[in-house]
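A short write-up of the structure that comes next.
The figures that follow rest on heavy atoms only: side chains count, while hydrogens, waters and symmetry mates do not. Chain A is the first sequence line, chain B the second, and so forth, proteins listed ahead of strands; every chain is numbered from 1.
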Amino acid sequence: MNLFRLGGDLLHVFSIFVLTLKIKTSKNVAGISLRTQQLYLLVFCTRYLDLLFTNPFRSGLTMYNTVFKILFIASSAYIVYLMRKKYKQTYSVKDDTFRVEFLIVPACLAGTLFHYRNTFFEIVWAFSIYMESVAIIPQLYLLQKTGEVENLTSHYIACLGGYRALYLLNWVWRFFTEPRYRHWIEWIAGTIQTALYADFFYYYFLNKTKGQKLKLP
Amino acid sequence: RRQLRIHDEL
């Protein structure tokens with residue numbers, strides 16, 4: 001555990017909190033991609049299958065991981081519920097149209113072909129890593145289609161990008177402090193994932209410095 | 001390499 005990792009995890013939780021806050025305060029889910037949220041739910045459910053077999057009391061880190069894993073699954077399920085049931089009428093159904101097959105199928109293929117160990121759980125785990133790296137794409141697509149989003153929604157995406165950036169720093173840190181740290185799947189997928197936010201950040205900061213709502217050209 | 005790789009990150 002290092003500060004980058006801890007900061008990344010906390011920022012990840014914070015981003016979900018910001019998203020829930022946006023939905024609760026505005027009582028609408030306009031500008032939020034249900035497709036991205038459902039992909040995240042899929043990512044968490046597949047990655048954290050090990051919850052079923054891990055004793056959370058084995059170590060402090062296991063307990064920490066278990067708490068976060070349950071939190072991520074529960075909160076993303078809750079957001080999907082809010083979007084599909086409670087605030088259904090406000091959902092940007094006409095604009096949230098990115099074809100997720102183009103993401104799920106390649107992630108399945110990548111997971112099947114490139115994994116650490118040839119076991120069911122390792123293949124599903126690798127799939128979840130590849131899936132997460134591109135899960136934000138429907139959200140970014142919706143964003144550029146509508147052109148403008150509420151501040152809290154843009155803060156949400158910014159926090160997610162920040163969480164990814166901190167994870168990259170965590171890996172750099174671990175690479176130099178742990179002699180046998182060789183996690184190429186996380187590095188490749190994580191770098192792709194973080195790079196996806198680059199364009200968003202450019203416009204985010206451009207608009208923030210002007211104190212405006214996020215507006216894309 | 002360890003027999004069972006335990007993913008220690010989220």
Quiz item: Listed by chain and number, what are the side-chain contact (heavy atoms from CB on, under 4.5 Å) partners of A/M63, not counting sequence neighbours?
Solution: A/P56, A/F57, A/V67
Quiz item: Side chain, backbone, both or neither: which part of A/N170 has a heavy atom under 4.5 Å from chain B?
Solution: side chain
Self-check item: Crowding at CG, A/L3 (>12 non-hydrogen neighbours, <6.0 Å)
Solution: no
Practice problem: Please indicate whether A/F17 has more than 12 foreign heavy atoms, meaning atoms of other residues, nucleotides or ligands, lying under 6.0 Å from its CZ. | Solution: no
Quiz prompt | More than 12 heavy atoms from other groups under 6.0 Å of CZ on A/F98 | solution = yes
Exercise. Find the one option among A/R5, A/K69, A/R47 whose heavy-atom pairs under 4.5 Å with chain B are most numerous.
Key: A/R5
Practice problem: Tell me, for A/D9 versus chain B, whether the close heavy atoms (under 4.5 Å) come from the side chain, the backbone, both or neither. | Solution: side chain
Quiz item: More than 12 non-hydrogen atoms from neighbouring residues, nucleotides or ligands closer than 6.0 Å to CH2 on A/W173, yes or no?
Solution: no
Exercise. Flag the pair A/Y64 / B/D8 as yes when at least one side-chain heavy-atom distance between them is below 4.5 Å, and no otherwise.
Key: no
Quiz item: Do you know which of A/Y167, A/F44, A/F68, A/W125 has the most heavy-atom pairs under 4.5 Å to chain B?
Solution: A/W125
Quiz item: Shortest non-hydrogen contact from A/Y48 to B/L10?
Solution: OH-O, 2.9 Å
